2 protein chains.
Amino acid sequence: MEHKTASADEQEDGAAGEASGGLDARVGRIVRQTLADQVYGDLKEILLAGRAAPGERFTLRGLASAIGTSAMPVREAVSRLVAENALEVLPNRAVRVPLMPRARFQELRLIRCSLEGLATEIAVREATDVEVAEVERFERLFAAERDKPAPDGAVAMCHNKDLHFALYRAAHLPTLFQMIEGLWLQIGPVLNLDFRAGPERVRQGEAHIRHAAIVAALKARDPEAARVALVADIWSAGDFILSRDVLPD
Amino acid sequence: MEHKTASADEQEDGAAGEASGGLDARVGRIVRQTLADQVYGDLKEILLAGRAAPGERFTLRGLASAIGTSAMPVREAVSRLVAENALEVLPNRAVRVPLMPRARFQELRLIRCSLEGLATEIAVREATDVEVAEVERFERLFAAERDKPAPDGAVAMCHNKDLHFALYRAAHLPTLFQMIEGLWLQIGPVLNLDFRAGPERVRQGEAHIRHAAIVAALKARDPEAARVALVADIWSAGDFILSRDVLPD
DNA sequence: GTCTGCTATGTGTGATCACAGATAACAGAT
DNA sequence: ATCTGTTATCTGTGATCACACATAGCAGAC
C-alpha cells in the first residue's frame, strides 16, 4: 500500500521544530552502538585482517568472556557472520572460520572479478579528484613497502586492502561495496596465508604492476583498462595462492 | 598452521569404522533444524514471494507469538536477514522490510546483471541435459500462464523465479547462487509490485521473449547470447517498475 | 486551539537459567 | 594393547526476566 508515506521521515530527522538556530543544530546525533554491533565489528576486523586461520574453532562462551559480555551479543554477531559465509556452524553445532577448498576459492575469485570489476569501471567514471588522490596515495604506500629492504607482508596487505577499498568506495554504490566487503571477509583468512608467505612474495609478485596500471587508468579515466588491470591483479594473486599447496581438497 | 588436518573429516562422515556393509550405511543422516533456521526460512520465503510490502514494520514478540515460539529464534533469524540487507533496523530499533529508493533499485539492477549474467554464462556451459530440460519446463509454464485469458500475476512471478533459479543452479557454483538469492531477497518486495500490477503487465511485457531467447541460447550452448538475453530481461523488467512511480525518492 | 510536559505501554537488548546433545576422558573387557 | 561402553564436562539452543528507551496518549498551561 502506501509504504511511501509510512516512513522515510523518521529516518534522519528527529527534531520536528525549526531546522536551525538553536542548540538543536549543534548537538551531534548520538549513534546507537549495540554490544552485538561491537562484537560483529571486532570479528569482522579480525577476519579482514587475516588474524584467524581457516578451520579455527571457537566457542560463544569463550568469546563472550574474552570480550567481557554475556553470550547473547556474541550469538547475534556470529549469526550475522554465518549468514555472510564469513563463519560457519558445523552439523555438530561447533562454530569455526570456514575452510577454503580449491573449488570454493576459484569460485570466489570468479565472483570477485565480476563484482570488483564492475565497481572499478564505475569508480573510474564517478570518482572525485580527492578520491583519485587517495587511491594513488595507497598505491604509493604499497609500492614503498615493496621497495623496502625487508618488506612487511602484513603492512603491504593492509595497504593493498586500503587501495582496493578506496577504489570501490569511489563507485558510490553502497550495496555493491558491502557485497565486495563480504567477499573479502571470506577470502581474508587465506589472503593472509599469501602475504605472510614471506617477503619474496611481495617482492616478486606482480601486484605493484597491476596497481600502477589501475591508477594510471583511473587518472586517464579509462574504465575498461582499469577493469582489465584489476582482474589481472585478482587473477595473478589467486594463481600464486593456488600454486602453493595450502588449500585443501 | 595446519588447518588442513584440523578438520575436513568431521564434515561429512561420522562413522569412523568400515565404510559399508553394516546398518551404518543405510541410516540417513539426520539434519539438524534449529528453530531459528525455521523462522529464517519462513521469513525468506515471505520476502522472496513478495508477500511483504516495503516499509512494512513488525515486532520480534509479535512474530514470535505468531509462530508460537519465544522471541529468541526470531531475533537470530532477523539478525541474519539484516546482515543480508533483506531487513533493516531503524535507529529507533524498529524492524521493517527496507524501502527501495530509485537509486538503490538501479544499483541492485546493475549488480544483478553482473552476477546473474555470470551465472548464466557458466550455466550454459555446465548445465546437464536434465537441468536444461528443467529450465525449459519452467519457461513453458510461464508462457502458458501468460497466454491464459486471465493470467495470474503471482503464479507467473513464481514460474519466473523458478526459471531463473533453475538456470543459476545449473552453474553449480553454490556461493554465487547464494549471493543471487540474497539479491532476490532484497528486490522481492518490489518485484511483487510489478507482477501484481495487473494482468496486462504479464501480457504486454517482453519477459516471454527474453525467456525464449535464454532457453534457445541454453540449448544451443551459446553463453554470450544467453547472457545478453538475460540482461535484457532484467533491464526491461526494471524499466517497467521504474516507469511506474511506486519507488520513493 | 496549540503546544509543552508527563505518563503508560510496548519494544529491542542483554543477562541468566534450563536442557539436549556432543566431545572427550576413562574404565573395563577382549 | 586395542576396542567398546560409560560418564563427566562443555557447548549451542531456547525460554524467561530485567532494563533502557521510544512512541503514543493525555492532561495542563499559554
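Computed from a prediction, not measured in an experiment: that's the story for all the values here. Convention: sequence-line order gives letters A, B, ...; per-chain numbering from 1.
The interatomic distance linking Leu90(B) (CG) with dT11(C) (P) rounds to 15 Å, in whole Å. Summarising the geometry, the separation between CZ on Arg57(A) and C1' on dA22(C) is reported as 11 Å, rounded to the nearest angstrom. Between Arg75(B) atom CZ and dG12(D) atom C1' there is a gap of 15 Å when expressed in whole angstrom units. To the nearest angstrom, P of dT11(C) lies 13 Å from CZ of Phe58(B). Distance, Leu60(A) CG to dT16(C) P: 16 Å, rounded to whole Å. When rounded to the nearest whole Å, the span between CD of Glu76(B) and C1' of dA15(D) equals 14 Å. Distance CZ (Arg61(A)) to P (dA22(C)): 16 Å, rounded to an integer number of Å.
Using a 4.0 Å cut-off on heavy atoms, none of the residues of residues 34-47 of chain A approach DNA chain D. For the contact set between residues 62-74 of chain A and DNA chain D, defined by any heavy atom under 4.0 Å, the members are Met72(A).
Judged as a side-chain contact (heavy atoms from CB on, under 4.5 Å), and not counting sequence neighbours, the contacts of Thr34(A) are Arg32(A), Ala36(A), Asp37(A). With sequence neighbours left out, Glu121(B) forms a side chain to side chain donor-acceptor pair (under 3.5 Å) with Arg227(B). Shown here are the salt bridge (Lys or Arg N to Asp or Glu O under 4.0 Å) partners of Arg109(A), two or more places apart in sequence or in another chain: Asp239(A). Annotation: salt bridge (Lys or Arg N to Asp or Glu O under 4.0 Å) contacts of Glu116(A) (sequence neighbours excluded): Arg112(A). With sequence neighbours left out, Pro101(B) forms a side-chain contact (heavy atoms from CB on, under 4.5 Å) with Arg104(B), Asp249(B). Every residue was checked against the side chain to side chain donor-acceptor pair (under 3.5 Å) condition with Asp162(A), not counting sequence neighbours, and none meets it.
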Donor-acceptor pairs under 3.5 angstrom involving side-chain atoms of residues 66-76 of chain B: please list them, not counting sequence neighbours.
residue	atom	partner	partner atom	Å
Ser70(B)	OG	Met72(B)	N	3.0
Glu76(B)	OE2	Ser79(A)	OG	3.3
Glu76(B)	OE2	Arg80(B)	NH2	3.3

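For the residue pair His172(B) and Glu131(B), a side-chain donor N or O sits within less than 3.5 Å of a side-chain acceptor on the partner.
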